[in-house]
Structures are given as C-alpha cells and as structure tokens.
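A quick write-up on the structure given underneath.
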Amino acid sequence: MKTPQEYLDIIQDAHPCPVNSGFERAVWLFEFREALRWMLDFVEVEYKHQVADILDKGLTSEKYALCGKYRSYTKVKVADVAAYSSELFDSLVHVKASDAEKIIGRRALYLEARDILGSSEIQKYEVVNSTELSKVVPSHVFSRLTEKEERLMDYVIEEISSPSEGV
C-alpha cells in the first residue's frame, strides 16, 4: 500500500507547482485543495459502497481481511449510579442540551434561561431562527426583519484580465 506521501509525490510529479511562492503557488494550492476535497468525498462514498458490497455478499479474500475499527469509551451505567448513591446520582445526573431541546423545546429552554439570568442579561444570548421566522411571516415582513450578512469563509484567487485585454 502506498503512503500518503507517495500519493502526493505522484500527483505533484504529474501536476508540478509552477513556483515556490506567490499567487501562482496559491492558485495551484487552491486548485489542488479543491480537487482533494472532491476526491475525498468521492473516495469516501465509493469506499463505503465497496465495504457494504463485501459485507452484503459475504466476500472473503486470501489476501485481505475486512476488520472493524472500534474506539473505546467509558459508558456510565446510570441506573447503577442511582442505586449506589442517590445523593451522588442527584449531583451528577443531567440530560444533554440537544436532548433537552427535543424534549421540552427551544422556547421552554429559553424561558428557563431567562428566569435564571433575567430579562436584560439573556439578551446577549437571544436568537431567532430565520427558517422558523420565514414560515410564520409574509415575505415582505421577513425581508424587513432580516438582513444578509457575509462571513469570511475562505480566500479565492481569481485571475484578473489585464487592462489591454478588455480594449
């Protein structure tokens, strides 16, 4: 099996970077990065399909073995903690925030947080989901209550045509 460095060398040999610094290298790296992102998505899907095919068909090989990779983690036996000590259990038991949201809803969580923090302090945490807002108000009201915001996510290097090319 080839190492990641060997694959990188193959790609760089086939498509060498023109220079060691500057815009040309940045463009080459950007294009290389985008190609790798596409390749990673493609390879990930294709790999999962191949593994599923091997499992579904019960395929075997004299040369390869399909082995599961597991990550060890510690799972607390909640009922055993409660049986061991109700005081300890009461001091440690909780639900995940995502589960609490599913169980009692965003509004109930907000009201509880507002009761704890107070009306003025909760303001720095208040949000309204734009998708939910769009479902309950007309579009002309939605556009008045929202604004577009841009966040810098990445840099793209674009080729600029020279002034003489446009003339």
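Here the structure is a predicted model, which is why all the values come from computation and not from measurement.
Two residues are said to be in side-chain contact when any heavy atoms from C-beta on lie closer than 4.5 Å; K135 and T131 meet this criterion. Side-chain contact check for R144 versus V137: every heavy-atom pair is 4.5 Å or farther apart. The side-chain heavy atoms of D9 and Q12, taken from C-beta on, include a pair separated by under 4.5 Å. With a 4.5 Å cut-off on side-chain heavy atoms, W28 and V19 do not count as touching. When side chains are defined from C-beta on, H15 does not count as touching E31, because their heavy atoms never get closer than 4.5 Å. Under the 4.5 Å side-chain criterion, counting only non-hydrogen atoms from C-beta, Y110 is in contact with E126.
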>> What verdict does the salt bridge (charged side-chain N to carboxylate O under 4.0 Å, His left out) test give for E34 and R37, after you've listed the backbone C-alpha separation in whole Å, the side-chain angles of each residue and the deciding distance to 0.1 Å?
In response: CA-CA 5 Å; E34 295 307 302; R37 283 182 178 160; 3.1 Å; yes
>> Apply side chain to side chain contact (heavy atoms under 4.5 Å, CB included) to residues F142 and S130 and explain how you reach the verdict.
In response: CA-CA 9 Å; F142 179 79; S130 63; 4.3 Å; yes
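Atoms CZ and CD1, from R106 and I104 in turn, are 13.0 Å apart once rounded to the nearest 0.5 Å. Atom CG of L40 and atom CZ of R33 lie 13.5 Å apart (nearest 0.5 Å). Rounded to the nearest 0.5 angstrom, N129 CG and S134 OG are separated by 8.0 Å. Taking CD1 of I122 as the start and CG of L117 as the end, the distance is 4.5 Å to the nearest 0.5 Å. Expressed to the nearest 0.5 Å, how far CD of E24 lies from CG of L29 amounts to 11.5 Å. In this structure, the separation between CG on L36 and CG on D41 is 11.0 Å, given to the nearest 0.5 Å.
Under a hydrophobic clustering in which Ile, Leu, Val, Met, Phe, Trp and Tyr are joined whenever their side-chain heavy atoms come within less than 4.5 Å, directly or via other members, I11 and V43 fall into the same cluster. In the hydrophobic clustering of this structure, L111 groups with Y125; members are Ile, Leu, Val, Met, Phe, Trp, Tyr whose side-chain heavy atoms approach within less than 4.5 Å, directly or through other members. The same ILVMFWY cluster, assembled from side-chain heavy atoms under 4.5 Å apart, contains both F89 and L92. Using a 4.5 Å cut-off between side-chain heavy atoms of Ile, Leu, Val, Met, Phe, Trp and Tyr, with links allowed through other members, V93 and V95 fall into different hydrophobic clusters.
Closest approach of L109 to A97, counting heavy atoms only: CD1-O, 4.5 Å.
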Donor-acceptor pairs under 3.5 Å, side chain of residues 72-88 to any protein atom, not counting sequence neighbours: which ones?
residue: S85; atom: OG; partner: L88; partner atom: N; Å: 3.0

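Applying the salt bridge (charged side-chain N to carboxylate O under 4.0 Å, His left out) test to R114 and every residue at least two apart in sequence or in another chain returns nothing. E46 is linked by a salt bridge (charged side-chain N to carboxylate O under 4.0 Å, His left out) to nothing, counting only residues two or more places apart in sequence or in another chain. For E112, there are no salt bridge (charged side-chain N to carboxylate O under 4.0 Å, His left out) partners, not counting sequence neighbours. In this structure, the side chain to side chain donor-acceptor pair (under 3.5 Å) partners of K124, at least two apart in sequence or on a different chain, are E121.
For residues 39-71, every residue pair satisfying the ring pair (Phe, Tyr, Trp, His ring centres under 6.0 Å) rule, not counting sequence neighbours, is listed here: W38-F42.
Counting only distance, with no hydrogens or angles, the side chain of H140 and the backbone of P138 share no donor-acceptor pair below 3.5 Å.
Within a 6.0 Å radius of CG in D90, other residues, nucleotides and ligands contribute more than 12 heavy atoms.
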